[in-house]
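Here is the naming used below: chain letters follow the sequence lines, and residue numbers restart at 1 for every chain.
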Amino acid sequence: MEQTFNALQLNEKDNVAVALRTIKSGEMLSIQGVKETIKVKESIAYGHKIAISFIDKEEKVIKYGECMGMSTEEIPPGYHVHVFNVRGLKNNERLSTAEVK
Amino acid sequence: MRTFEGYRRPNGSIGVRNHVIVMNTAGELSSLTKKIAQLVPGVIPVVQQGGRAQYKEDLNQTIRTLTGTVGHPNVSGALLLGMGEDDIAEEVKEDLKEQHHHVEAMYFNKGKSLSEVLNKGKQWLEKAVEKSKREKKVTADVTELRIGLNCGGSDAWSGITANPAIGSFSDAIVRDGGTSILAETTEAIGAEHILAKQAINPDVGQQFLQIVQDYEARIKETGEDIRSANPSPGNMTGGLTTLEEKSLGCIKKGGNSPLREVIGYAESPAEKGFIFMDTPGYDVESVSGLTAGGAQIVLFSTGKGSPTGSPIAPVIKIGTNPRVCRTMSEHIDVNAGKIIEGISTIEEIGEEIYQKVIETANGAITAAENHKNQEFAIWRLAETI
């Protein structure tokens, strides 16, 4: 069967998608189950993340529907999301998200 | 409701296998345990290293693991091999006899010659195998299943393909009234606040945060720091950015159902639904803890092709990428790499896993069983005395 998409959004809340193969700059991003397409602005290695909505500076990066870190700069859709523009949560941020019911 | 055909035990539990096992209660009997199993076709040796000479906490953990293993619903009959008078075999046997399990204990160094004990053991096992063959299957539904969730040899795809697919299965069986038990406390570090939010009430959430904190404290005592060592450079090359992301990928095996109970290593859940068991990340010890806690089947995602199996429960291997499913096909049961290839969705693989669980419960042999991969080890917390 021919593959019809090149990225996966793991949860509908996610602002990043995962590249299922290396996607070159200029290619269109096609996400499984999502009609909208985004133009890829830089090469994304397979397994790496790409912004699918505008992520502001110090905004939560959402994967699996959960906060996996905070952005350290603005990340427009189509750009690589990785260690150079995302940091892990600080202790107080982790506790603030804990909010155990 | 999905059903399967299993073996009803005298204590009411239901097994998906009808094993006759022989298990040592002292490490020095490992070889004799294998030897006696070889004398009777169909008997599985369960070999372990823990004995009486341990700190109290470890000794209790060993006794709990032995009891849960020997009294497992997949076990029709079990022979314990111990040494002399002061052996834990007696304690395990008495406890299980009260629950009407078919269990016997025999001892070396109690006046009989080695060959006499071996011969007596062989005779008991032959009868136990005959008895097991006469046992008939009965229909049970999935509410009686406890499915262990584990991973080993993870790769960058684990959190994208196999683990979310296992999570999709976990949510489905919990919806149907069954039980899934997520393990590996080490793998939750960094995402514990997220799993704690899934807890059914604050007590359960706090219990979960506490076991993660205790685990971290023990690791720090050895001079290691999991938080600063993760994600590793290899993880980052693979696309993992933060520790939270790495651990989220692991805990996604548990899906999105409410976390109903947090249990200690090798403990049996009191609740049904989504459960967390405190185990190390080392897959052999983790799977042994899950089975001792009553998991009849274990799901195991792997990116690198870990062949780990269990002597007690069928282990269903879920390969995370197309390459491992091709190169290590003899060890893989479900190909979640199809998600990368665009052939299947996460939910479709989740359903494939569910079907595989039912087939396995009905007696279909898993890859690990086919190769007789029967690893077993008990988690030790302290030093050896």
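For the salt bridge (Lys or Arg N to Asp or Glu O under 4.0 Å) test, no residue two or more places apart in sequence or in another chain qualifies with B/E267. Every residue two or more places apart in sequence or in another chain was checked for a salt bridge (Lys or Arg N to Asp or Glu O under 4.0 Å) with B/E348, and none qualifies.
Of the charged side-chain nitrogens involved, none lies within less than 4.0 Å of a carboxylate oxygen, so that A/E27 and A/K39 do not count as a salt-bridged pair. The existence of a salt bridge linking A/K13 and A/E66 is excluded, since no basic side-chain nitrogen approaches an acidic carboxylate oxygen closer than 4.0 Å. A salt bridge does not link B/E244 to A/K90: none of the charged nitrogens lies less than 4.0 Å from a carboxylate oxygen. Look at A/E93 and A/R87 and you find a salt bridge, because one of the NZ, NE, NH1 or NH2 atoms lies within 4.0 Å of a carboxylate O, short of that distance.
Residue B/I346 touches chain A through its side chain alone, counting heavy-atom pairs closer than 4.5 Å. Within the 4.5 angstrom heavy-atom criterion, only side-chain atoms of A/V18, from C-beta onward, approach chain B. Contact of B/S168 with chain A is not made at all, since no heavy-atom distance falls under 4.5 Å. With a 4.5 angstrom heavy-atom cutoff, A/F84 does not touch chain B via any of its atoms.
Interatomic distance, B/I318 CD1 to B/I332 CD1, rounded to the nearest 0.5 Å: 9.0 Å.
Interface with chain B: from residues 75-83 of chain A, residues A/V81, A/H82, A/V83 qualify, criterion being any non-hydrogen pair under 4.5 Å.
Sorted by first and then second residue, the pairs that involve residues 203-239 of chain B and meet ring pair (Phe, Tyr, Trp, His ring centres under 6.0 Å), not counting sequence neighbours, are B/F208-B/F276, B/Y215-B/W379.
Contacts with chain A were tallied for B/G159, B/A191, B/P231; B/G159 has the most, counting heavy-atom pairs under 4.5 Å. Comparing B/S247, B/G238, B/A156 by heavy-atom pairs within less than 4.5 Å of chain A, the highest count is held by B/G238.
Checked by atom type and distance alone, the side chain of A/Q9 never pairs as donor or acceptor with a backbone atom of A/I31 at under 3.5 Å.
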